2 protein chains.
Amino acid sequence: MFSKACEYGIKATLFIAQKSLHQQRVSLKEIASEIDSPIAFTAKILQSLARSGMVDSHKGPTGGFEMDRTKMDTITLYEIVHAIDGDQIFHGCGLGLKQCDANHPCPVHEKFVVIRENLTQMLQNTTVYELASGLDIGLTLLKR
Amino acid sequence: MFSKACEYGIKATLFIAQKSLHQQRVSLKEIASEIDSPIAFTAKILQSLARSGMVDSHKGPTGGFEMDRTKMDTITLYEIVHAIDGDQIFHGCGLGLKQCDANHPCPVHEKFVVIRENLTQMLQNTTVYELASGLDIGLTLLKR
DNA sequence: TCTATTTCGGACAAAAATATCCTAATTAAA
DNA sequence: TTTAATTAGGATATTTTTGTCCGAAATAGA
């Protein structure tokens with residue numbers, strides 16, 4: 001469904017958010033270890049997420065990543081997925097046609113509109129805070 | 001959502017089915033041209049679909065691909081997607097965890113279950129015949 | 001039987017995604 | 001001011017996906 005980059009990006013963001021709930025900044029190393037991802041690749045993704053304002057990064061000793069509460073409440077899975085994987089998954093044709101819309105539909109157009117609408121709504125309605133909270137109380141897991 | 005191989009596979013199958021509605025066998029060349037796909041790559045996918053019994057293939061002059069009406073009514077998008085892309089999309093964790101289930105859920109597990117259930121139902125309820133018919137009456141398109 | 005046409009299937013190639021390595025820039029603290 | 005720790009970012013490597021090439025096998029028809 002999502003690229004590996006996107007999976008890592010979501011998990012990293014959620015881990016950062018969870019730690020930020022306790023005013024803890026986390027390092028790249030910690031993140032990669034906690035979400036079980038390749039460290040250098042994760043670094044790239046975090047760079048990109050930092051550039052697009054999803055998380056805050058700080059260099060130097062005691063540096064690392066963090067996310068303030070306002071962002072946790074504002075940013076949804078939709079923003080993260082969109083920032084990393086683009087909008088192909090939200091707007092691209094299910095069969096790869098360049099031009100596919102209600103006027104020139106591919107055979108699965110109508111059926112995919114419904115699925116994609118469900119997916120989009122779900123992602124847009126799911127905040128980082130909501131998921132970070134679930135993590136924090138041990139309800140959900142980032143590894144295994 | 002699907003791999004390129006899967007997109008081509010679905011489009012090829014639908015084109016074969018549409019032509020079979022009129023007792024016409026179609027060649028690889030025709031198929032690749034009609035669905036706007038790379039010919040040799042399409043050949044691989046059709047081989048695989050033929051091996052798994054989704055379509056029938058015949059060698060030699062007047063050879064090509066066809067699909068009988070019984071198969072059109074029986075085979076759904078689910079079978080095609082499953083044959084080409086496997087069941088990752090249906091059963092894999094949205095965040096890539098190896099073990100992710102109701103007892104050990106990732107942060108998005110519950111939300112993804114719903115989306116995937118929608119997708120699975122839609123694919124299982126959509127027969128090749130239904131989509132081939134839409135194509136045949138010009139309601140939908142395979143190119144553009 | 002011969003020929004032309006078609007799918008089959010293995011080997012190879014190119015492109016994209018995933019992953020690694022190394023140096024630079026920044027910065028907190030000694 | 002120096003040092004050590006940390007992210008930033010460019011270059012490179014590996015793996016997977018996508019795509020190509022070519023000869024083999026089958027087969028309809030002359």
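In what follows, chains carry the letters A, B, and so on, assigned in the order in which the sequence lines appear, proteins first and then strands, with residues in each chain numbered from 1. Bear in mind that the values here come from a model prediction, so they are computed numbers and not experimental data.
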Which atom of A:I45 lies closest to which atom of A:G9, heavy atoms considered: CG2-CA, 3.7 Å
Under 4.0 Å protein heavy-atom contacts per nucleotide of nucleotides 7-22 of chain C, with B for base, S for backbone only and - for none: BBBBB------SBB--
For residues 32-43 of chain A, which side-chain N or O atoms pair as donor and acceptor with protein atoms under 3.5 Å away, sequence neighbours left out?
from	atom 1	to	atom 2	distance (Å)
A:S37	OG	A:T42	OG1	2.6
A:T42	OG1	A:P38	O	2.6

Point-to-point distance, once rounded to the nearest 0.5 Å, from OG1 of A:T120 to NE2 of A:H82: 10.0 Å
Listed partners of A:K19 passing side chain to side chain contact (heavy atoms under 4.5 Å, CB included), at least two apart: A:F15, A:Q24, A:V26
Along DNA chain D, first and last positions that approach a heavy atom of chain B under 4.0 Å: D:dT18 to D:dA28
Check: B:F2 ring centroid to B:Y8 ring centroid under 6.0 Å: no
Pairs meeting criterion salt bridge (charged side-chain N to carboxylate O under 4.0 Å, His left out) with involvement of residues 41-62 of chain A, two or more places apart: A:D56-A:K71
B:E117: partners by side chain to side chain donor-acceptor pair (under 3.5 Å), with sequence neighbours left out: B:Q121
